[in-house]
Amino acid sequence: MRRLRIVFWMILIGAVAVPAVARRAETAYSAGARAEKNNDYDAAFEAYKQAHDEKPMDPKFMAAFLRMRFYASAQHIKAGEVLRDGGKLQEAMAEFRLATQIDPSNFGAMQEVRKTTDLIQKQALEMENSVRAKVSTSLEKAAQNADGPAALELAANTPLSLHLSTTVDSVYKTIGKLAGFNVLIDPEYKAPKINFELKDVTVRDALAMLAMQSKTFWRPVSSNTIMVTSDNGGKRKELEQNVMRTFYLRNAATPAELQQAAGTIKGILDINRIQVTPEQRSLTVRGTPDQMILAAKLIEDIDKPKSEVVIDVTVMEVSRSRLSTIGTNPPTSATVTLSPIGSTSSGSGSGSGSGITLNTFTGLTANDVQVSIPGASFAALASDSNTKVIQRPEIRAIDSEKSTLKIGDRVPIATGSFQSGLGGSVNTQFQYLDVGVNIDITPYVHSEHEVTLKMSLEISSVTGVQNLGGISQPTIGQRRIEHEARLMDGEVNLIGGILEDSESKSLSGYPWLTKIPILKYLFGQETKDRSQNEIVFAITPHIIRFNEVTDDNLRMVDIGTGTNVTYRARENKAGVAGADPGQPVPQPAEPQPPIAATPAVTRSSKP
């Protein structure tokens with residue numbers, strides 16, 4: 001009676017609990033709908049999330065939860081951008097982090113978190129530098145006040161029209177008088193006579209064309225003075241400016257990556273003096289101002305963060321075993337015992353024995369023999385068992401870097417033995433093998449949100465023990481697949497076919513009689529055993545960081561000639577380098593680069 005009451009209360013509680021869960025989900029959904037109408041996306045997200053948690057398989061609740069998750073995350077991203085534009089970096093970071101917590105798959109929120117982190121670090125570094133400047137010694141102040149390269153500053157860069165037939169130094173001095181700067185001529189330079197004619201060119205272009213025609217080069221001595229000499233290797237080495245700059249690479253992680261960046265700068269820009277400092281992840285470069293500007297551009301192009309991928313791995317192992325036994329287990333042996341009736345254990349005379357003599361066999365009858373036969377049994381048994389094992393590890397990997405996941409045990413394996421001393425004990429050496437789920441994945445991130453995965457997937461287990469040389473050694477069962485696939489972001493790749501199927505059949509009973517159909521089950525027993533074991537891997541990559549390549553990284557840059565690396569600033573229709581038409585010229589963060597010794601020709605239209 002007590003058991004019946006317990007069952008009754010359990011049924012009653014279940015009947016009440018199921019509708020209660022449904023009511024709670026509907027109530028939360030209604031609250032979310034009201035909050036969504038009021039544009040309160042955070043409250044709507046929490047309500048829809050509660051409804052989805054109560055009934056996760058309901059499509060209505062799932063669709064509302066996913067939709068509001070996107071809207072709420074986007075709202076926090078927009079609020080963070082407004083705060084960041086207002087200089088409130090910490091508040092903006094809180095909004096961006098909240099957006100990633102609401103929607104962990106929002107790639108834009110992750111990008112904003114990284115950008116804001118860089119801004120915060122830069123701001124902290126600037127504050128640290130300002131504090132250091134206040135307490136620095138006179139030597140440090142002198143180092144901080146070290147001047148940059150001299151740059152020629154032109155009061156005006158209006159177009160010129162020239163038609164001269166005179167020596168080279170006179171042409172330089174004429175341009176200097178027209179543009180308002182001084183010209184110094186190397187005493188060792190012998191100026192030849194040339195015919196020089198230009199129409200509607202800027203002062204900088206006129207200097208470039210004159211240097212090219214006369215095979216000379218010039219360098220700024222101060223903001224309003226230049227030095228002119230012949231263009232040859234010796235004079236360039238003697239007079240050309242050299243500057244030094246340290247570049248701190250943000251994304252180089254190893255000395256090899258720093259050396260690769262240094263090799264790129266050396267090979268492209270012909271800079272031979274580069275010092276690598278792995279501890280600071282920096283490159284200290286010495287070269288001309290033009291080379292330094294182009295080196296900064298090149299480092300900006302190649303110093304990119306590596307792409308990152310989160311890989312969801314689902315390991316599904318399904319085992320099934322079926323066993324059937326039917327038939328009779330008949331007796332297959334008999335025991336015969338001789339026990340004559342009336343035999344005694346005592347005898348006359350000096351002889352004594354078991355009571356059985358040769359004369360006893362003369363009077364044996366059927367009653368004197370006992371036969372023992374084991375009983376027979378009939379069996380009809382069928383069993384069917386299923387086993388399902390699911391593992392869902394997650395791996396985060398960097399582009400082109402190998403990631404390893406091991407789930408299982410380490411099993412000792414004897415690898416050898418040695419004897420310590422003469423007559424000493426024998427010591428056995430062991431090594432450990434990883435048994436379980438072993439996964440090695442190397443991702444390669446491509447454009448268009450595609451990933452190539454180079455995978456090695458292995459399932460192993462201890463299947464038995466063998467005795468080898470007196471040592472019990474485990475037998476390792478292994479299923480392994482090496483695979484390479486190119487997938488889209490979020491695309492699922494199923495790797496199956498690792499199937500083990502074994503079937504055994506045995507028949508025991510009387511010979512010949514077990515061959516008779518149907519009647520064989522009266523004289524014998526049949527046993528069938530079949531087992532199946534299948535493993536399926538589901539691999540899903542999620543790209544969480546791309547190698548950002550901008551249009552500025554892809555554009556071509558003029559770096560001079562094959563023998564001389566020179567820098568030339570872009571000019572727009574207004575004739576101002578680096579300025580937009582109709583906009584004021586922005587002040588550079590660093591001193592203006594000097595005019596190149598042999599700058600390239602750039603034409604500018606007459607205003």
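Nothing here was measured: the structure is a model prediction, and the numbers come from that model.
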**OP:** Output yes when a side-chain donor or acceptor of Ser170 lies under 3.5 Å from a complementary backbone atom of Thr166, and no otherwise.
**Re:** no

Original post:
Is there a donor in the side chain of Asn224 and an acceptor in the side chain of Ser222, or the other way round, less than 3.5 Å apart?
Top reply: yes

**OP:** Run the salt-bridge test on Arg392 and Glu394 with the 4.0 Å N-O cut-off and return the result as yes or no.
**Re:** no

Original post:
Which residues pass the side-chain hydrogen bond (donor to acceptor under 3.5 Å, both in side chains) test with Arg396, sequence neighbours left out?
Top reply: Glu308

**OP:** Determine, using ring centers only, whether His449 and Phe546 are less than 6.0 Å apart.
**Re:** yes

Original post:
Ignoring hydrogens and geometry, is there a side-chain-to-backbone donor-acceptor pair from Arg245 to Thr284 under 3.5 Å?
Top reply: no

**OP:** Could you tell me whether the side chain of Pro412 reaches within less than 4.5 Å of the side chain of Gln431, counting heavy atoms only?
**Re:** no

**OP:** Quick one: do Thr216 and Tyr172 satisfy side-chain hydrogen bond (donor to acceptor under 3.5 Å, both in side chains)? Show the steps, please.
**Re:** CA-CA 11 Å; Thr216 59; Tyr172 270 110; 2.8 Å; yes

**OP:** To the nearest 0.5 Å, tell me how far Ile271 CD1 sits from Ile265 CD1.
**Re:** 6.5 Å

**OP:** For Asp186, enumerate each residue passing the salt bridge (Lys or Arg N to Asp or Glu O under 4.0 Å) test, keeping only those at least two apart in sequence or located in another chain.
**Re:** Lys235

Subject >> Pairs satisfying side-chain hydrogen bond (donor to acceptor under 3.5 Å, both in side chains), at least one member in residues 263-282, at least two apart >> reply: none

Subject >> Side chains of Lys173 and Asn182, donor plus acceptor under 3.5 Å >> reply: no

Original post:
Thinking salt bridges, do Lys306 and Asp399 make one under a 4.0 Å N-O criterion?
Top reply: no

Original post:
Does a donor on one side chain sit under 3.5 Å from an acceptor on the other, for Ser307 and Tyr444?
Top reply: no

Original post:
Hey, is CD on Gln260 packed in by over 12 heavy atoms from elsewhere, all under 6.0 Å?
Top reply: no

Original post:
Got Glu450 and Ile543 here, is their nearest side-chain heavy-atom distance under 4.5 Å?
Top reply: no

**OP:** Side-chain contact test, heavy atoms from C-beta onward, threshold under 4.5 Å: evaluate it for Leu210 versus Ile175 and give yes or no.
**Re:** yes

**OP:** Could you pull out all residues at least two apart from Ser223 that satisfy side-chain hydrogen bond (donor to acceptor under 3.5 Å, both in side chains)?
**Re:** none

**OP:** Answer yes or no: are there more than 12 heavy-atom neighbours, outside Met244 itself, under 6.0 Å from its atom CE?
**Re:** no

Original post:
Should Lys454 and Lys402 count as side-chain neighbours, where that means a heavy-atom distance under 4.5 Å?
Top reply: no

Original post:
Can you list the residues that meet the side-chain hydrogen bond (donor to acceptor under 3.5 Å, both in side chains) rule with Thr117, with sequence neighbours excluded?
Top reply: none

Subject >> Spacing of Leu405 atom CG and Ile395 atom CD1 [to the nearest 0.5 Å] >> reply: 4.5 Å

Original post:
Between the main-chain N or O of Gly234 and the side-chain N or O of Asn232, is there a donor-acceptor pair closer than 3.5 Å?
Top reply: yes

Original post:
Per the side chain to side chain donor-acceptor pair (under 3.5 Å) rule, which among Asp440, Asn438, Thr442 passes with Thr404?
Top reply: Asp440

**OP:** Using the side-chain hydrogen bond (donor to acceptor under 3.5 Å, both in side chains) rule, take Thr167 and Asp169 through it: C-alpha gap first, then chi angles, then the decisive distance, then the call.
**Re:** CA-CA 6 Å; Thr167 58; Asp169 56 345; 2.5 Å; yes

Original post:
Has the side chain of Ser161 got a donor or acceptor atom that lies under 3.5 Å from a matching backbone atom of Asp200?
Top reply: yes

Subject >> Sub-4.5 Å side-chain heavy-atom contact between Ile459 and Val437 >> reply: yes

Original post:
Any donor and acceptor pair, going by atom type alone, linking the side chain of Gln213 with main-chain N or O of Asn195 inside 3.5 Å?
Top reply: yes

**OP:** Output yes when a side-chain donor or acceptor of Gln291 lies under 3.5 Å from a complementary backbone atom of Thr288, and no otherwise.
**Re:** yes

Subject >> Any donor-acceptor pair under 3.5 Å from Gln259 side chain to Ala256 backbone >> reply: no

**OP:** With sequence neighbours left out, write down each residue that passes salt bridge (Lys or Arg N to Asp or Glu O under 4.0 Å) with Glu448, or none if nothing qualifies.
**Re:** none

Original post:
Strictly by modelled atom types, are Asn564 and Thr566 linked by a side-chain donor-acceptor pair under 3.5 Å?
Top reply: no

